[in-house]
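Worth knowing before you read on, the calculation uses all heavy atoms, side chains too, and leaves out hydrogens, waters and symmetry mates. By convention in this document, chain letters (A, B, ...) are assigned in the order of the sequence lines, proteins followed by strands, and residues within each chain are numbered from 1.
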Number of protein chains: 2
Amino acid sequence: MDKTLYICNIFYYSMISGKFAITIHILTLLTKFPNDFLSSEFIAGSMNLNPVLVRKEIANLKAHHIVESKEGKNGGTKLLKEASDITLKEIFELTFDNINLGYAKNQPNPDCPVGKKVNQNLSELYADINEKVGLQLKKITLEDFSSQF
Amino acid sequence: MDKTLYICNIFYYSMISGKFAITIHILTLLTKFPNDFLSSEFIAGSMNLNPVLVRKEIANLKAHHIVESKEGKNGGTKLLKEASDITLKEIFELTFDNINLGYAKNQPNPDCPVGKKVNQNLSELYADINEKVGLQLKKITLEDFSSQF
DNA sequence: CTAAACTGTAACATTTTTTATTACTAATTA
DNA sequence: TAATTAGTAATAAAAAATGTTACAGTTTAG
């Protein structure tokens, strides 16, 4: 079968809300074994998670050139960069759009002065929060985080 | 019917993930009309939300002595405190346990050194984030937020 | 003193999101 | 060339969030 048929329609992929935690876990394992290609099965075993979900997160990491992976027997995934050159801010950004404290699901009433502006005002508040969190996460490298284990 | 039968078993209530946004919206409206009892119907109209959900959030605000409400005809809800005496930190705390970037759903493998400690290490990271966000939200009062409208 | 307009909240239904599974193609290596 | 591994589609299942209905109890206006 033609490989192009396999091209992923990204919109069919659901988000994974434990994305950040899962991605950190994967990267911590890769940091502990920087010279080995770790299989999704092995990684999934540490997380008690389905290997397919691990591979989805790895696909994301690959798209951001954080890891490389090798198909076939003895294949797996390894870091492309030094753990000391990866910050938690990068990992955060590749697993989250932004930190936010949520929006109401429905479009508020545009005829109400509050309804009309509430989402914009919340966005601005959240942008500030996001910036502060980003500054903090930028100071922590994957190496820092992994060395706690 | 005996009123005690109406006692709410909190565990049967689902969380509302737009809780913070909804609560802020409610409080902003109450701030705009500090002398009136606003009905859940009116508030829900500004949010395009079911009045029952508004009443659920109001129940939470009442439990924290932020608002009072009056049953019966011409009833509704009003602020118990000045908007300048309510910080966004308080609102955050009453709608969120903590800010966090998520945990994987399943218990990780306790036989893996990483699996064994990952949630604890994430918790510590999240606690730091939470503290920073809290400091920021403490500086903003409901009055500050509402005056943007 | 009664009808209307509210809140409170239970119970349940629906929708949306997240997570898990299965299945199969393709690649790699021993 | 068989075994092992990634890639990813498709679908199923589970969990979480949101919405609805219903009705008891409260208050007030008239």
**OP:** Can you tell me the distance, in whole Å, between the CZ atom of A:F96 and the C1' atom of C:dT18?
**Re:** 13 Å
**OP:** Tell me whether the OP1 or OP2 atom of C:dT19 has a side-chain N or O from A:N50 closer than 4.0 Å.
**Re:** no
Subject >> 5'-most by nearest nucleotide on DNA chain C - B:I58 or A:V52 >> reply: B:I58
Original post:
Given atom CG of A:D36 and atom P of D:dT4, what is their separation to the nearest angstrom?
Top reply: 19 Å
**OP:** Could you check B:I86 against B:T31 for side chain to side chain contact (heavy atoms under 4.5 Å, CB included), going step by step and ending with a plain yes or no?
**Re:** CA-CA 11 Å; B:I86 302 169; B:T31 301; over 6 Å; no
Subject >> Aromatic plane relationship, B:F92 with B:F20 - under 30° parallel, 30 to 60° tilted, over 60° perpendicular >> reply: perpendicular
Original post:
Going by number, which of residues 105-117 of chain A have a non-hydrogen atom under 4.0 Å from DNA chain D?
Top reply: A:K105, A:N106
What are the atom names and distances for every N/O pair under 3.5 Å that joins the protein to nucleotides 4-7 of chain C?
from	atom 1	to	atom 2	distance (Å)
C:dA5	N3	B:K73	N	3.3
C:dC6	O4'	B:G72	O	3.3
C:dC6	O2	B:G72	N	3.3
C:dT7	OP1	B:S40	N	2.8
C:dT7	OP2	B:S40	OG	2.8

**OP:** Would you confirm whether A:D36, through its side chain, and A:L38, through its main-chain N or O, come within 3.5 Å as a donor-acceptor pair?
**Re:** no
Subject >> Nearest-angstrom distance from the residue atom OH of B:Y103 to C1' of D:dA16 >> reply: 19 Å
**OP:** For B:K81, enumerate each residue passing the salt bridge (Lys or Arg N to Asp or Glu O under 4.0 Å) test, keeping only those at least two apart in sequence or located in another chain.
**Re:** B:E90
**OP:** Round to the nearest Å and state the distance from A:K78 atom NZ to C:dT28 atom C1'.
**Re:** 17 Å
Subject >> Under the salt bridge (Lys or Arg N to Asp or Glu O under 4.0 Å) test, residues paired with A:K89 that sit two or more places apart >> reply: A:E93
Original post:
Roughly, in whole Å, what's the span from NZ in B:K56 to C1' in C:dC12?
Top reply: 11 Å
**OP:** Mind calculating the distance between CZ (A:F42) and P (D:dT5) to the nearest angstrom?
**Re:** 12 Å
**OP:** Please name all residues satisfying salt bridge (Lys or Arg N to Asp or Glu O under 4.0 Å) with B:K78, sequence neighbours left out, ordered by chain then number.
**Re:** B:E68
**OP:** Could you work out which one of C:dA20, C:dT9, D:dG19 sits closest to the side chain of A:L53?
**Re:** C:dA20
Original post:
Aromatic ring centroids of B:F149 and B:F145 under 6.0 Å?
Top reply: yes
**OP:** Send over the distance from A:E57 CD to D:dG7 P, rounded to a whole Å.
**Re:** 13 Å
**OP:** Can you tell me the distance, in whole Å, between the CD1 atom of A:I43 and the P atom of D:dT4?
**Re:** 18 Å
Give the table of side-chain donor-acceptor pairs shorter than 3.5 Å for residues 41-52 of chain B, with sequence neighbours excluded, one pair per line with atom names and distance.
from	atom 1	to	atom 2	distance (Å)
B:S46	OG	B:H25	NE2	2.8
B:N48	ND2	A:Q107	O	3.2
B:N50	OD1	B:V52	N	2.9

Original post:
Do B:D144 and B:L88 come close enough that some side-chain heavy atom pair is under 4.5 Å?
Top reply: no
